Each structure stands twice: as C-alpha cells, then as structure tokens.
Amino acid sequence: EGGWVRTYADVTDYTRALADLSASEAVWKFALEGSGAGVWDWDPEHAQGRYSPLYRSLLGYSADLPDADLPRWEERLHPDDRDAAIAALHAHYAGETPTFVSEHRMGCRDGSYIWVHERGMVVSRDADGRPLRTVGTTTDISGRKHAEHHLRLAASVFTHTMEGIVITDAGGTIVEVNDAFCRITGFDRSEAVGQTPRILSSGRQGPEFYAGM
C-alpha cells in the first residue's frame, strides 16, 4: 500500500534569524540614506547589484526600475575617471586597501554627469579570497567640486593678475597680498601681512580716506 511519510522541524530560530537580519539591513540602509548617501550592494562574481531608491534618484532613475536594467557601474563612469576608479576598486578586491574609496564623475540618465564620492567594502569572500559581496555608498559631491573649481580660478587670478590685490580681515588687517602688490609697492609680503592699508599712506590723504578704504 502507498502512503505518506511526513517530517517536522522547528524552524522558529531560523525564521527569527532571517527577520532579525532583514530588520538589521533596513536599519543601516535607513541610517545611510538619512545622511544623503545612496546605498548599493554588489555581487562581483555574478555582476549583479541591488541599489537603494536614493541611489537611483541621484542618477535620475525611477525607484521602480529593476536592478538589472540599471547600466553597469563601469559604463556609468566618466571616461576621464574610469581607469582610476576601477583601479581603486580592484586594489580593494586584492586586499591592498582596507576600503574602496573614489571620487569621480558618474553618468546620469539624461546624459549629464555628477561628481560622487563612493566608498565600499568587501563583506564576504570565498575560500580563495575572491570577493563575493561588496556594500557601499554613493554621495553627490557636485556642489563641493564646483566650489573647489571656483576657488582654484580665484587663486589663479590672485596669483597671475597684473593688478595688486590686498586681502584684509573685518578689522582691516592685511592677511594676504599677491606678487603684483609687492612688485608695485615695493613691500615684501612679510612686511605687509599684519599691517593695515595705512602702510600705503602718501601723506596726501587724511585718516578718513584710509578708514573708508
């Protein structure tokens, strides 16, 4: 006669462990995204990744876009930054660096690029040391990069202009002068810094003139 053989196992602990793991991942993802960083979870062996909603929005993609439809990371890298970013990732995979850290431009859905700071770490390797799972964050640093660019332009103008430039603090004390100022006035930088514009007094103007200047 035919029949059934049934077995039973208590999987309460296993189910609870899965629930705890899911809750734990939800907490750290929430914490990271609360800081303005997009979160990614990458499987190097199978070239598959999972991306948080904020990560997608940084690049202009909708939250419901399947992970598999997102262009590969290497394809999104700006051509001028690609080699350095990939080299940094592979150095971490090889165990040469404790974390993967890179600042580079990343392509968005509309064809534009944004500057990002990416940081990640291998959290699982196989018996041979090959990375199985990498998690990390992507932060938009375009604002900082643009500010740095403008500062470099200002510094270039300060250094190379033919006009003398004096920078003072709110109290009128000179904190910096450029080479043109030294060349025009004959003052060395060490003589000017810490003084006030009164050192330029010709004796033809009163104190009100220099206070206004």
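Keep in mind it's a predicted model, so treat the numbers as computed, not measured.
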Would you compute the distance between atom OG1 of T138 and atom CG of L54 and round it to the nearest 0.5 angstrom? 9.5 Å
Pair D140, S142: side-chain N/O donor-acceptor within cut-off below 3.5 Å: yes
Looking at every heavy atom in both M162 and I184, which two are closest together, and how far apart are they? O-CD1, 3.9 Å
List the atom of A37, the atom of T137, and the distance in Å for their closest heavy-atom pair. CB-CB, 3.9 Å
I'd like to know whether V116 forms a side-chain contact (heavy atoms from CB on, under 4.5 Å) with L58, so could you lay out the CA-CA distance, the side-chain angles of the two residues, the decisive distance to 0.1 Å, and finally the verdict. CA-CA 9 Å; V116 298; L58 288 177; 5.8 Å; no
Would you give the length of the straight line joining atom CD of Q195 to atom OG of S190, rounded to the nearest 0.5 angstrom? 10.0 Å
Check which hydrophobic residues are tied to I141 through side-chain heavy-atom contacts below 4.5 Å, counting indirect links as well, and list them. W115
When rounded to the nearest 0.5 angstrom, what distance separates OG1 in T139 from CD in E103? 10.0 Å
Would you say I86 and F100 are hydrophobically clustered, going by side-chain heavy atoms of ILVMFWY under 4.5 Å? yes
So, taking the atom named CH2 in W73 and the one named OH in Y51, what distance separates them when rounded to the nearest 0.5 Å? 10.5 Å
salt_bridge(D43, R133) N-O dist < 4.0 Å: no
Is H104 reaching over with its side chain to a backbone N or O of L77, donor-acceptor style, under 3.5 angstrom? no
Stepwise side-chain contact (heavy atoms from CB on, under 4.5 Å) check, K145 with R105: CA-CA 10 Å; K145 285 293 186 178; R105 284 160 289 185; over 6 Å; no
H78 side chain vs D80 backbone, donor-acceptor pair below 3.5 Å: yes
Cut-off 3.5 Å, no hydrogens considered: what does the side-chain donor-acceptor table look like for residues 171-183, sequence neighbours left out?
unit_1, atom_1, unit_2, atom_2, d
E176, OE1, R189, NE, 2.7
E176, OE2, R189, NH2, 3.3
N178, OD1, I165, N, 2.9
N178, OD1, F181, N, 2.9
N178, ND2, F158, O, 3.1
N178, ND2, E163, O, 3.0

Tell me whether E45 is salt-bridged to R125, with the criterion being a basic N under 4.0 Å from an acidic carboxylate O. no
From CA spacing to verdict: side-chain contact (heavy atoms from CB on, under 4.5 Å), R109, L59: CA-CA 6 Å; R109 185 179 183 181; L59 302 179; over 6 Å; no
Could you check if a side-chain atom of T134 sits within less than 4.5 angstrom of a side-chain atom of Y93, using non-hydrogen atoms only? yes
Using a 4.5 Å cut-off on heavy atoms from C-beta on, say whether the side chain of L65 contacts that of L70. yes
Any chance the side chains of E118 and S102 put a donor and an acceptor closer than 3.5 Å? no
Would the distance check show the side chain of T99 and the main-chain N or O of V101 forming a donor-acceptor pair, the cut-off being under 3.5 Å? no
What's the verdict on salt bridge (charged side-chain N to carboxylate O under 4.0 Å, His left out) for D67 and R50, showing C-alpha distance, side-chain angles and the deciding distance? CA-CA 6 Å; D67 291 323; R50 293 186 298 163; 6.0 Å; no
Which pair of heavy atoms, one from P79 and one from Y113, lies closest together, and at what distance? CD-OH, 3.8 Å
D110: what forms a side-chain contact (heavy atoms from CB on, under 4.5 Å) with it, not counting sequence neighbours? C108, S112
Can you tell me if D188 uses its side chain to pair, donor with acceptor, with the backbone of E191 under 3.5 Å? no
To the nearest 0.5 Å, atom NE2 of H117 lies from atom CZ of R119 at 6.0 Å
Would you give the length of the straight line joining atom OH of Y55 to atom CG of D41, rounded to the nearest 0.5 angstrom? 12.0 Å
Going by distance alone, is a donor N or O of one side chain under 3.5 Å from an acceptor N or O of the other, for W40 and S52? no
